[in-house]
Amino acid sequence: MTPDPDVLDLDPDHMRRLGYDLVDRVVAHLTGLGGGPALATAAPGDLRDALGGPLPRDPAPVEEGLARLADVAVANQQHGDHPRYFARVAGPSSFPAILADWLVTGTQTVASSWVGGSGPTTVELVACDWLREALGLPAPMDGILLSGGSMANITGLLAARAAGGPGVAYLSDQTHSSIRRGLLAMGWDAADVRTLPSDEGLRLDAGTVRAAVVGDLAAGRRPAIVVATAGTTNTGAVDDLPGIADLRDEHGFWLHVDAAYGGPAAMTPTGRTVLTGLDRADSVVVDPHKWLFQPYDIACLLVRERGLLDRTFTMNPEYLADVQGDVARGEVTMHNRSLELTRRSRAFKLWLTFRTYGADVLAAAVQRGIALAEHAQRRVEADPRLEVVTPAQLGIVTFAATGATDEAHVSAASLITEDGYAAVSPTVLRGRSVFRLCTINPRTTEDDLTGTIARLADLVAAAVPGVR
Ligand SMILES: *Cc1c(COP(=O)(O)O)cnc(C)c1O
């Protein structure tokens, strides 16, 4: 077959039908969540058989390929939007955000240079600023949206190094592993990365940071960056932000706060109290694709020092000279704020979410996630077979079956997940395997939690004679 010049184009009526069918499929997914498994996997060979084969040379109906993707690929994954997905961090998406992402994809929307994307750039600047305001952070801060907390963290750390140069970086034993990986990837000397012990609440205490900073200063080393976590992935613990910020004022290191998980809690009255001091960070990372109801992927980096991101990442090759924009006129070129050049607009979905629901409704949805973890804690306390390990904090509770082994916890979590009823990931705290529930999906019901907790206790009891 000789391809036509317009071979890529489909008939408009056909495109519409395909689009409507896809909308039906997505709406069926969203309204049927909870009916299917919370997580499904298949054998690599079976997936390769269904999705692989030699390079297709001949055309095939788009309906067939699309159905294959939906029925095989989409089906076999974690469903982070499922009401009983409690593993790692859920991703309860919302329809306005999905719509905005479709608009971006369907219209090749780009947020790179000013001239090439002044509209999408403005949406991104506004969305970052709305998020900043929603979290109670001071104005002004420069923002950029990146693919996830990992990329946003390394971008913030690169800016911090550009501002202050190398030195010692301080983390805790609960810091997300993307931070160490990022530091090493950017060439930070491994000998200058300190992992400080967290306190009994799994928080980084300012006293611990002070001792380490003073020790390094005495040894002639320069404290460069402290990474504090606002909502650890393991337990939802919040480091001593005010105390560490006071130390920063005294010693002048860079304070980077990783609020990838917990940041949105600052929209709620309880969370605002727990996250006191977040507003004193030099840079903050928040992941809207975790707790702000966004489809993957979107993370936000906010930096207090104006112009620093642009100074760190600006490139001015001759083939981009015509599109940079005029800084004096307030024109921002987003590709000068990170290592990305051509980039989709991740801002439309967040913008439309704020515009549609309003910050107060979103705050209520976040508050519900906090309350669900508190409900889970009460259920655990009411079951004589179980004990709370870390209390409900920012939508995460951990617990254990009294007297049961690490293996019993790991196996009960994998059995409930294989069964499809719920997805639960165990975690390890102070060397002990425990159950962990992350409850940030506002569509989760109290019955979903009650059923999951009872099943976990039953599974451990069935596996371990003597534990009842
Ligand atoms: C999830 C998480 C990250 C990494 O974010 P990604 O979006 O998965 O890259 C970093 N820090 C914390 C505290 C997190 O919970």
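Residues: numbered from 1 along the sequence shown. Not measured: the values here are computed from a predicted model. Whatever order the structure lists them in is the order used to number ligands and atoms, beginning at 1.
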Side-chain contact test, heavy atoms from C-beta onward, threshold under 4.5 Å: evaluate it for L372 versus L449 and give yes or no.
yes
Identify all N/O pairs between ligand 1 and the protein with a separation under 3.5 Å and present them as a table of atom names and distances.
unit_1, atom_1, unit_2, atom_2, d
ligand 1, 5 (O), G149, N, 3.2
ligand 1, 5 (O), D287, OD2, 3.3
ligand 1, 7 (O), G149, N, 2.8
ligand 1, 7 (O), D287, OD2, 2.6
ligand 1, 7 (O), H289, NE2, 2.9
ligand 1, 9 (O), G149, N, 3.2
ligand 1, 9 (O), S150, N, 2.8
ligand 1, 9 (O), S150, OG, 2.7
ligand 1, 11 (N), D258, OD1, 3.3
ligand 1, 11 (N), D258, OD2, 2.6
ligand 1, 15 (O), T233, OG1, 2.9
ligand 1, 15 (O), K290, NZ, 2.8

So, taking the atom named CG in L341 and the one named CE in M334, what distance separates them when rounded to the nearest 0.5 Å?
13.0 Å
Contact list for residues 179-192, test side chain to side chain donor-acceptor pair (under 3.5 Å), sequence neighbours left out
R180-T195
If you look only at pairs with a residue in residues 301-315, which of them pass as a salt bridge (charged side-chain N to carboxylate O under 4.0 Å, His left out), with sequence neighbours excluded?
D142-R306, E305-R311, D310-R337
Contacts of H289 that satisfy ring-ring contact (aromatic ring centres under 6.0 Å, His included) - sequence neighbours left out
Y296
Over-ring placement of R436 relative to F86, 6.0 Å and 45° cut-offs
no
